[in-house]
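Heads up: the structure comes next, in structure tokens.
Computed from a prediction, not measured in an experiment: that's the story for all the values here.
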Amino acid sequence: MYAFVAFLPILVTIILMVVLNWGAKKALPIAWASAVAVALLVWKMSFHDVISYSVFGVFKSLDVLVIIFGAILILNTLKQSGAIATINSGFNNITRDRRIQAIIIGWMFGALIEGAAGFGTPAALAAPLLVGLGFPPLAAAMVTLVFNSTPVAFGAVGTPIFGAMTTISSNLNNIGANSEAFQMELTRWTAYSHGVVGIFVPILAIAMLTKFFGKGKSVKSTLEVVPFAIFAGLAFVVPYILIASFFGPELPSLVGAFIGLPIVVLAAKKGIFVPKTTWDFPNKNEWHDDWKSLQDTGDIGEAKMSLAKAWSPYVLIALILVITRIPAIGLKDILAGQSIQVSNIMGVENLNYGFRWAYLPGTIPFALIAILTHFMHGMSKEKIKTAWKLTFKQILGPAIALFAGLAFVHLMLNSGTNGAGLDSMLTEMAKAVANLSGMAYPFVAPFIGVLGAFMSGSNTVSNILFSSLQFETAAILDMPEVLAVSLQVIGGSIGNMVCVNNVVAVCATVGAIGLEGKIIRKNAVPMFIYAIIVAVFVAILIYSGFNPLPL
């Protein structure tokens, strides 16, 4: 009963955004209000705690807002300087086929950024780049979220795996198991299981593109690009699996994309596996209204510079992300240590927020490189003013959605502090699902991860919330703990396709405000397909008696 009541605020979110197609700016404040009602009336939380945890969520939303602001600013700057027009021309010289462009930018470039930065950065960078090439904003937002799935488990230099280990380590210590050995096996089996589907993710994404945005509204156009899509899938997944198998969780996505990106670009240039017919969207005058940007995001300027000069801001962003995210280089700890601290928010002990202004991608490198681009591209004062003005205009709607959304999430996360003696709302839900599943648990486990990501906007947070629960459930059911936790990590990864934070962020960067529910509804299909295929693969291993690390 408590699990169902805990689910009510999420149900409100789903009905408003997915069924009624409300925008996040309208739906999430109502979802927060419903969570407040449940917290006060059922969980018996004090009004002070409810407000305190909600305020903490508002503070946490600043992390996401800064990333969105930086991504929008770099896009508007490059539009005004003419760099986007030049990049557009450059990609058209590689291929004019929108399917191939989507794979190169959404899959390969997005994976590189995910491996370096994570936390919603890839879609926020890749989607606007696709819009600059002539993609409908809704299409760009949708497919980049689908692409941003397989790389997420090892995003931000392995942060989701480390997040899982922060909770599992206590479980392992209780039974005298080796944490390092568990982490290595978790890394391997997450990569193996992800890789089974990851090879085909480009096909899934392109099927979405051609089905919803093609002239014939059919997936037939996807069949033509299957050889190139599988080639691109292998170009990333093969090094991704090998690196995970031998080196651990830090580098599979980053180095896998670094190796695969030039291979895929070269193949496209040489016409290897490229379809003979070129696929494009209908003429712009035939686009549905919701395909277009629903607010002024500026024109893309004129192509008046070299391709190298146009790409230089993105190259600098990628380089800065890499050198500031790899611990061995030494800059990560320095930048992460630069923090503005707010301690004991509203008098709640240990409810602390740290604004890591130097480490967030929105400041260094996005905003910094945007400012440098003003000079590198010789922009006029009027162009600079326009870029900044558009950016502040575009950030207002997402700010409201994120303030309410993160207040809602952190209220539910911290609802374990209550007068009713209950676990947090999310834990109550996950426990009920796990208890009901029994031997069908492998088919439920990834969706617990999806739920955590949907609500929190983060694979890492989802893993912190539920990895221990998945571990304990597997132990009770006498199933391999490593495989159960790998399903949690994978579920949290593919939850990025539909998670509220990422959807709001990518819609903000391309001007598709108010269409968040539509994207969640459509992306739920590839998310479900991905989760079921992975569950089948892992279930076969479990039911056959395989255990990579008996504890």
Side-chain angles (χ1 to χ4, degrees), residues 70-113 116-117 121-122 124-135 140 144 232 257-272 274 278 280 297-324 361 364-388 390-391 509-510:
I72 296 174
L73 179 61
I74 192 68
L75 172 67
N76 286 333
T77 298
L78 295 180
K79 280 183 177 179
Q80 294 300 315
S81 75
I84 290 294
T86 301
I87 290 170
N88 186 350
S89 176
F91 269 108
N92 285 331
N93 289 336
I94 296 174
T95 175
R96 291 183 177 275
D97 193 310
R98 301 303 191 182
R99 298 166 297 184
I100 307 297
Q101 291 175 345
I103 290 171
I104 292 173
I105 295 174
W107 176 242
M108 297 307 311
F109 179 69
L112 179 68
I113 300 303
T121 309
L125 271 180
L129 195 51
L130 289 175
V131 171
L133 291 173
F135 279 60
T144 50
F258 187 77
I259 293 170
L261 179 58
I263 293 173
V264 172
V265 170
L266 182 62
K269 280 186 175 181
K270 298 292 185 181
I272 301 172
V274 173
T278 299
D280 203 349
T297 58
D299 58 44
I300 64 171
E302 300 178 32
K304 294 182 177 179
M305 65 182 70
S306 69
L307 199 56
K309 187 175 181 180
W311 267 103
S312 59
Y314 279 120
V315 172
L316 288 172
I317 286 171
L319 286 174
I320 291 174
L321 286 172
V322 170
I323 66 175
T324 57
I364 301 173
F366 290 0
L368 174 62
I369 296 303
I371 293 169
L372 289 177
T373 302
H374 298 341
F375 303 100
M376 291 190 300
H377 290 181
M379 295 174 64
S380 66
K381 289 183 179 179
E382 190 60 34
K383 294 284 189 184
I384 295 171
K385 181 180 177 182
T386 300
W388 283 84
L390 282 170
T391 302
T509 59
V510 298

So how far is it from [X] [atom1] to [Y] [atom2], rounded to the nearest 0.5 Å?
X      : Y      : atom1 : atom2 : value
Ile272 : Leu266 : CD1   : CG    : 6.0 Å
Ser81  : His374 : OG    : NE2   : 10.0 Å
Trp388 : Thr77  : CH2   : OG1   : 7.5 Å
Leu78  : Met379 : CG    : CE    : 8.0 Å
Thr509 : Leu129 : OG1   : CG    : 11.0 Å
Ile369 : Ile317 : CD1   : CD1   : 6.0 Å

Item to complete: Just jot down the side chain to side chain contact (heavy atoms under 4.5 Å, CB included) partners of Ala126, sequence neighbours excluded, or say none.
Response: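 Ala126 satisfies side chain to side chain contact (heavy atoms under 4.5 Å, CB included) with Ile105, Thr144 once adjacent residues are dropped.
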Determine, step by step, whether Leu133 and Arg98 satisfy the side-chain contact (heavy atoms from CB on, under 4.5 Å) criterion, reporting the C-alpha distance in whole Å, the side-chain angles of both residues, the deciding distance to 0.1 Å, and the verdict. CA-CA 9 Å; Leu133 291 173; Arg98 301 303 191 182; 4.1 Å; yes
Any heavy-atom pair between the side chains of [Y] and [X] that's under 4.5 Å?
X      : Y      : result
Leu112 : Met108 : no
Ile104 : Phe109 : no
Arg96  : Asp280 : no

*Quick check: does any side chain N or O of His377 sit under 3.5 Å from a backbone N or O of Lys309, one acting as donor and the other as acceptor?*
yes
* **Main-chain N/O of Ile384 paired to Gln80 side chain as donor or acceptor, under 3.5 Å** =>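 Flag not set: sc Gln80 to bb Ile384 has no pair under 3.5 Å.
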Looking only at non-hydrogen atoms, find the nearest pair between [X] and [Y] and report the distance.
X      : Y      : result
Ala127 : Ala140 : O-CB, 3.5 Å
Pro122 : Gly110 : CB-O, 3.4 Å
Leu130 : Gln101 : CD2-O, 4.0 Å
Ala387 : Leu73  : O-CD1, 4.4 Å
Ala267 : Val274 : O-CG2, 4.2 Å
Val264 : Ala232 : CG2-CA, 3.9 Å

* To do: Carefully, step by step, assess Thr386 and Lys383 under the rule side-chain contact (heavy atoms from CB on, under 4.5 Å).
  => CA-CA 5 Å; Thr386 300; Lys383 294 284 189 184; 5.7 Å; no
